[in-house]
Amino acid sequence: MADKPSLPRGTRDFGPAVMSKRLYIFDTIRAVFRQYGYMPLETPAMENLSVLTGKYGDEGDQLIFKILNSGNYLDGISDAQIAEGAKPLTKHIAEKALRYDLTVPFARFLAMNRNEVALPFRRYQMQPVWRADRPQKGRYREFYQCDADVAGTTSLICEAEIFGMIQQVFGQLGIKDYTIKFNHRGILAGLAELIGATGQEATMCVAIDKLDKIGKDGVTKELLDSGFSATAIDLLFELLDKPLSESDFGQSLTEKGFTIPTQLLTGLADLAQVLEIAESLGLDAKPLYFDLSLARGLSYYTGAIFEVKINGVQIGSVSGGGRYDNLTGLFGWPNVPGVGFSFGVDRLYDCLQELNLFPEAVLQSTQVLVANFDLEKSQPTGLKILAALRAAGHRAEIYPEPAKLKKQLGYADAKHIPLVILLGEDELSTNQCTIKNMFSGEQKQVPMSDVVAEVERTMVG
RNA sequence: GCGAUCGUAGCUCAGUCGGUUAGAGCGCCAGAUUGUGGUUCUGGAGGUCGUGGGUUCGAUCCCCAUCGUUCGCCCCA
């Protein structure tokens with residue numbers, strides 16, 4: 001036997017059954033993005049390495065998949081350079097790399113096309129990204145991101161509309177019980193200022209973000225290790241102590257006699273306005289929760305941040321995003337603000353699977369199979385019916401070789417084909433055909449001229 | 001980058017305290033049933049037990065290495 005083929009670790013094939021379900025999710029999301037005026041964008045799988053490095057921090061740079069130069073990539077490399085080790089050598093032998101996310105390529109695109117894009121520019125992008133990470137549960141080295149961003153506006157309408165898109169996508173996918181948690185980086189920065197840790201909000205945020213994972217003691221330890229004072233940490237937890245809403249939070253701070261930092265006030269005002277716009281848009285306020293402990297890891301967020309969790313399943317957040325001030329600055333186009341979010345398709349898939357929310361129709365590839373008893377005799381009629389069904393817009397196929405009926409029906413069964421048209425001598429001689437419903441087992445003889453109409457009637461019922 | 005875990009049929013896994021010919025379920029193919037699938041029964045195909053080395057009279061089993069898997073930490077989606 002030849003060597004068994006295998007896949008690089010952290011990558012997957014998506015077979016037809018899985019793909020059908022994935023496409024259902026992609027199609028739903030795409031339709032909603034378009035409805036909100038977002039335009040499609042695709043960028044190359046590979047970027048110049050210099051575009052990607054330095055954007056994700058040291059750890060991120062390590063996780064970028066580099067592409068070895070073509071030809072003799074050691075040409076012009078001196079022994080001294082080799083002696084320096086792998087890291088400094090990388091940029092000489094690998095000039096290209098696989099994209100690590102969709103945000104940086106988007107920023108690169110904007111900077112390169114700044115004279116052509118009309119701001120505010122809304123784009124969505126659904127493509128795979130690659131990370132040279134160590135795979136584990138729910139983490140892959142190739143996975144899809146579904147991003148939608150709008151660049152060039154500070155309007156809070158965008159934030160509210162993102163909540164709208166999330167609600168619409170979830171509504172269409174049949175997900176009812178979910179929570180959209182939101183917070184604001186200004187509030188977190190203000191919080192840091194209040195506890196006398198100005199400038200250290202990044203460390204603070206990373207720690208807070210883990211609150212529900214490692215608990216209060218874990219966070220305390222991590223902050224102490226990072227050099228926060230015990231009094232600052234106590235104060236932090238006092239402030240974090242579960243305010244009900246963003247307005248209650250502001251109020252409770254005033255009652256406790258704190259002088260509220262400006263950026264905190266701005267954050268609170270922003271969030272209040274987002275909620276107001278959301279209400280005007282007719283959004284459901286129930287899933288929206290202000291959560292002061294939400295921090296999100298990504299450091300480039302500067303305004304509102306949010307994250308979506310589906311309740312009742314043990315799966316992390318399925319969507320998240322936020323506002324940032326300076327998307328394209330690294331590519332030489334300063335002061336372009338933006339806000340964006342993305343859906344985690346793989347996790348959404350797991351949720352729908354667990355909640356059993358994929359519609360039966362998603363699994364059906366072909367709607368009608370034309371079967372035959374004697375291919376030679378029934379072929380002309382079969383092809384005619386096939387063409388008529390396709391012309392009427394139905395997905396139809398003919399069983400292409402002579403085989404026992406048992407096998408043909410088994411094929412229909414395996415492929416979840418709901419209707420089978422049987423063509424044998426009896427049918428041909430009376431100019432009729434038999435339509436079999438594979439779910440109920442019912443059969444019906446109809447005249448050839450009525451086949452399409454009967455198929456349509458059966459599919460509706 | 002660190003720490004574990006597991007590699008036996010297409011899939012999920014048993015098993016041999018080291019001993020002739022390595023098993024089951026599911027799946028696949030065929031028949032029972034030459035015009036009827038998803039149920040049932042019968043039969044069949046399919047494995048150098050991840051790879052390389054060592055110990056041994058003898059290794060799928062013990063030891064070492066290597067590759068791969070899965071999971072936790074870091075980080076992240």
Side-chain angles (χ1 to χ4, degrees), chain A residues 1-12 15 56-64 86-87 99-103 126-147 202 206-207 209-210 213-214 218 222 225 295-299 307-309 315-322 340-351 369 371-375 377-378 399 402-429 432-445:
Chain A
M1 188 164 66
D3 285 344
K4 281 186 191 171
S6 63
L7 241 30
R9 64 191 326 198
T11 67
R12 300 159 289 172
Y56 310 107
D58 280 349
E59 296 214 9
D61 284 357
Q62 300 283 333
L63 297 180
I64 295 171
K87 219 172 160 184
R99 67 169 165 256
Y100 180 86
D101 71 356
L102 299 179
T103 308
M126 306 195 293
Q127 289 188 280
V129 301
W130 293 270
R131 295 184 188 180
D133 205 352
R134 197 135 188 189
Q136 49 187 271
K137 186 168 190 149
R139 288 172 70 175
Y140 301 95
R141 299 212 289 189
E142 178 186 65
F143 61 96
Y144 276 75
Q145 291 193 330
C146 273
D147 279 22
V206 169
D209 203 32
K210 296 179 191 162
K213 201 172 168 187
I214 60 176
E222 191 159 325
D225 290 348
R296 286 186 68 75
L298 285 173
S299 52
E307 207 165 87
V308 186
K309 169 95 180 64
I315 293 167
S317 67
V318 292
S319 175
F341 77 116
S342 76
F343 285 106
V345 179
D346 298 288
R347 284 181 176 178
L348 266 177
Y349 181 98
D350 292 341
C351 290
L369 175 74
N372 62 77
F373 295 97
D374 181 341
L375 190 59
K377 284 183 195 154
S378 61
Y399 200 86
K404 287 187 179 161
L405 197 54
K406 181 183 166 76
K407 191 164 183 180
Q408 300 186 42
L409 288 172
Y411 173 80
D413 198 44
K415 227 176 148 181
H416 293 97
I417 299 174
L419 293 178
V420 176
I421 290 176
L422 303 173
L423 276 179
E425 275 177 45
D426 297 355
E427 284 83 0
L428 290 172
S429 63
Q432 290 194 320
C433 70
T434 301
I435 299 181
K436 182 180 176 75
N437 182 325
M438 292 295 283
F439 296 140
S440 64
E442 279 174 68
Q443 295 189 187
K444 197 169 181 180
Q445 297 244 331

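Order of the sequence lines sets the chain letters (A, B, ...), proteins ahead of strands, with each chain counted from 1. Not measured: the values here are computed from a predicted model.
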Atom-pair distance ([atom1] on [X]; [atom2] on [N]), nearest Å:
X: A:Leu369; N: B:G35; atom1: CG; atom2: P; value: 17 Å
X: A:Leu409; N: B:U33; atom1: CG; atom2: C1'; value: 13 Å
X: A:Gln136; N: B:C74; atom1: CD; atom2: P; value: 10 Å
X: A:Arg131; N: B:C74; atom1: CZ; atom2: P; value: 17 Å
X: A:Lys377; N: B:G35; atom1: NZ; atom2: P; value: 11 Å
X: A:Leu419; N: B:U36; atom1: CG; atom2: C1'; value: 15 Å
X: A:Arg9; N: B:G7; atom1: CZ; atom2: C1'; value: 14 Å
X: A:Tyr399; N: B:U36; atom1: OH; atom2: P; value: 16 Å

Select base, sugar-phosphate, or nothing to describe what [X] touches, counting heavy atoms under 4.0 Å on all strands.
X: A:Tyr140; answer: base
X: A:Gly344; answer: nothing
X: A:Glu427; answer: base
X: A:Arg139; answer: base
X: A:Gln408; answer: nothing
X: A:Asp101; answer: nothing

| query | Considering heavy-atom distances to RNA chain B, does A:Gln445 or A:Ser319 have its closest nucleotide positioned more toward the 5' end? | reply | A:Gln445
| query | Does A:Glu142 or A:Gly424 map to a spot on RNA chain B nearer the 5' end, using the closest nucleotide for each? | reply |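 Taking each residue's closest nucleotide, the earlier one in sequence belongs to A:Gly424.
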Side chains of [X] and [Y], heavy atoms from C-beta outward: is any pair under 4.5 Å?
X: A:Leu405; Y: A:Leu422; answer: yes
X: A:Ser319; Y: A:Phe341; answer: yes
X: A:Met126; Y: A:Phe343; answer: no
X: A:Met438; Y: A:Ile417; answer: no

| message | Check this for me: does the side-chain of A:Arg134 come within 3.5 Å of the base of B:C71 through a donor and an acceptor? | response | no
| task | Spell out yes or no: do the side chain of A:Asp413 and the base of B:G37 have one donor N/O and one acceptor N/O closer than 3.5 Å? | result | yes
| field | Greater than 12 external heavy atoms within 6.0 Å of A:Gln445's CD | value | yes
| task | Any chance you could encode RNA chain B as dot-bracket? Rule is Watson-Crick or G-U wobble with both distances under 3.5 Å; [ ] for pairs crossing earlier ones, | for another strand. | result | ((((.((..((((.....[...)))).(((((.......))))).....(((((..]....))))))).))))....
| message | If stacking means aromatic ring centre less than 5.5 angstrom from the base's six-membered ring centre, planes under 30°, is A:Phe143 stacked on B:A77? | response | yes
| note | Regarding the side chain of A:Lys137, the nearest nucleotide among B:C71, B:C75, B:A77 is B:C71
Considering only nitrogen or oxygen atoms on both sides, find all protein atoms under 3.5 Å from nucleotides 28-32 of chain B and state each distance.
residue, atom, partner, partner atom, Å
B:G31, OP1, A:Lys404, NZ, 2.6
B:G31, OP2, A:Lys404, NZ, 3.3

